[in-house]
2 protein chains.
Amino acid sequence: MSRELKRGTIELVLLTLLEERERYGYEIVAAIEERSGGRLAVRDGTLYPVLYRLEEAGFVEPRWETQQRGVPRKYYRITEEGKEESRRLRTEWREFAAGLDAILDRMEDSR
Amino acid sequence: MSRELKRGTIELVLLTLLEERERYGYEIVAAIEERSGGRLAVRDGTLYPVLYRLEEAGFVEPRWETQQRGVPRKYYRITEEGKEESRRLRTEWREFAAGLDAILDRMEDSR
DNA sequence: TCATCTATCTTGCACAACAAGATAATACCT
DNA sequence: AGGTATTATCTTGTTGTGCAAGATAGATGA
């Protein structure tokens with residue numbers, strides 16, 4: 001899937017997945033691929049910087065968890081501000097998609 | 001509307017509008033705003049470089065038209081390759097939107 | 001011991017949309 | 001005629017963000 005289309009949507013995807021429950025980065029990478037039916041994919045090198053941006057903005061809060069077995073994981077929890085931002089981004093996405101579809105819908109192959 | 005969301009979609013929008021009929025740059029700016037119900041907007045400084053990219057790729061062909069009155073206009077016509085590209089981008093957009101919606105749809109406010 | 005897996009993190013790059021402004025021809029108003 | 005506004009195209013420099021590539025490190029198993 002084109003890199004450009006993803007722009008501006010990854011934050012919304014992360015916040016949405018974190019609204020369901022706490023997750024750690026590596027887990028989110030897999031969740032995105034699975035939940036989108038393989039249509040979306042994000043590299044971990046992309047994901048971590050996004051999580052830092054969200055953290056700095058106060059939308060998520062991290063918590064280290066040392067496992068019985070395996071490497072320590074950094075779990076992220078969404079904040080109230082994060083939920084608000086998620087709603088805002090979701091609305092913006094829907095507005096955008098509706099606007100674009102309004103242009104595409106006149107094409108003969110349009111759905 | 002956020003700058004980032006638009007990324008990668010402007011070429012599709014232009015090709016779609018040009019599939020309907022020949023248009024010139026300044027006209028396209030207005031058409032985008034009108035047809036999207038005011039939800040999308042693109043500046044002319046953004047649009048012209050996109051048209052050059054499309055021209056260089058062989059997806060559109062320009063033609064100068066000197067008006068009886070007013071400044072000369074550069075009309076763009078879509079090529080066969082351009083129509084193919086338009087279909088390809090349209091499919092890609094729908095796949096992407098479907099993938100993203102699959103993630104969003106589990107949220108309680110999800111439509 | 002060595003490879004593999006899980007997991008986090010960093011650096012540098014690419015590229016598209018935008019702001020801001022330049023240019024030019026014409027139209028309108030006084 | 002002169003001055004301002006309108007239509008229209010084009011250019012330059014900035015910015016943000018996704019990605020490739022690689023580093024690090026602990027745990028596990030052959």
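In what follows, every chain begins at residue 1, and chains take the letters A, B, ... in the order their sequences are listed.
- For B:R43, a side-chain nitrogen or oxygen approaches OP1 or OP2 of C:dA19 to under 4.0 Å.
- Every side-chain contact (heavy atoms from CB on, under 4.5 Å) that A:P72 has, sequence neighbours left out, goes to A:W64.
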Show which side-chain atoms of residues 43-51 of chain A pair as donor or acceptor with protein atoms under 3.5 Å away, not counting sequence neighbours.
none

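- With sequence neighbours left out, the side chain to side chain donor-acceptor pair (under 3.5 Å) criterion links A:T9 to no other residue.
- Atom NZ in B:K6 sits about 16 Å away from atom P in C:dA16, given to the nearest Å.
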Where do N or O atoms of nucleotides 28-30 of chain D meet protein N or O atoms at under 3.5 Å, pair by pair?
none

Can you give me every donor-acceptor pair (side chain of residues 23-42 of chain B, partner residue at least two apart or in another chain, under 3.5 Å) with its distance?
unit_1 : atom_1 : unit_2 : atom_2 : d
B:R23  : NE     : B:L17  : O      : 3.2
B:R23  : NH2    : B:E20  : OE1    : 2.9
B:Y24  : OH     : B:R73  : NE     : 3.4
B:Y24  : OH     : B:R73  : NH2    : 3.3
B:E27  : OE1    : B:Y24  : N      : 3.1
B:E27  : OE2    : B:R21  : NH1    : 2.7
B:R35  : NH1    : B:E20  : OE1    : 3.3
B:R35  : NH1    : B:E20  : OE2    : 3.1
B:R35  : NH2    : B:E20  : OE2    : 2.6
B:S36  : OG     : B:I32  : O      : 2.9
B:S36  : OG     : B:E33  : O      : 3.3
B:S36  : OG     : B:R39  : N      : 3.3
B:S36  : OG     : B:L40  : N      : 2.9
B:S36  : OG     : B:L40  : O      : 3.4
B:R39  : NE     : B:S36  : O      : 3.0

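- The interatomic distance linking B:I28 (CD1) with C:dA17 (P) rounds to 14 Å, in whole Å.
- In this structure, B:E80 pairs ionically with B:K83, as a charged nitrogen and a carboxylate oxygen lie closer than 4.0 Å.
- Distance, B:E65 CD to C:dT26 P: 15 Å, rounded to whole Å.
- One atom, CG of A:L47, and another, P of D:dT17, lie 15 Å apart when rounded to the nearest Å.
- In this structure, the CD1 atom of A:I10 is 16 Å from the P atom of D:dG16, given to the nearest Å.
- Side chains of A:S86 and A:R90: a donor on one and an acceptor on the other come within 3.5 Å.
- Not a single side chain to side chain donor-acceptor pair (under 3.5 Å) links A:E92 to another residue, sequence neighbours left out.
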Sub-3.5 Å pairs of nitrogen or oxygen atoms, protein against nucleotides 7-12 of chain C:
unit_1 : atom_1 : unit_2 : atom_2 : d
C:dA7  : OP1    : A:Y24  : OH     : 3.1
C:dA7  : OP1    : A:R73  : NE     : 2.7
C:dA7  : OP1    : A:R73  : NH2    : 2.5
C:dA7  : OP2    : A:Y24  : OH     : 3.2
C:dT8  : OP1    : A:K74  : N      : 3.1
C:dT8  : OP2    : A:Y26  : N      : 2.6
C:dT8  : OP2    : A:Y48  : OH     : 2.4
C:dT8  : O5'    : A:Y48  : OH     : 3.0
C:dT8  : O4     : A:D44  : OD2    : 3.4
C:dC9  : OP1    : A:K74  : NZ     : 3.2
C:dC9  : OP2    : A:Y52  : OH     : 2.7
C:dC9  : O5'    : A:Y52  : OH     : 2.8
C:dC9  : N4     : A:D44  : OD2    : 2.6

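- Every side-chain contact (heavy atoms from CB on, under 4.5 Å) that B:E85 has, sequence neighbours left out, goes to B:L15, B:F59, B:R88, B:L89.
- Rounded to whole Å, atom P of C:dA17 lies 10 Å from atom CD1 of B:I32.
- For A:E22, the side chain to side chain donor-acceptor pair (under 3.5 Å) partners at least two apart in sequence or on another chain are A:R63.
- Between B:E4 atom CD and D:dC19 atom C1' the separation is 14 Å, expressed in whole Å.
- One can find a donor-acceptor pair under 3.5 Å joining the base of C:dC15 and the side-chain atoms of B:R7.
- The separation between A:L5 atom CG and C:dA14 atom C1' is 16 Å, rounded to whole Å.
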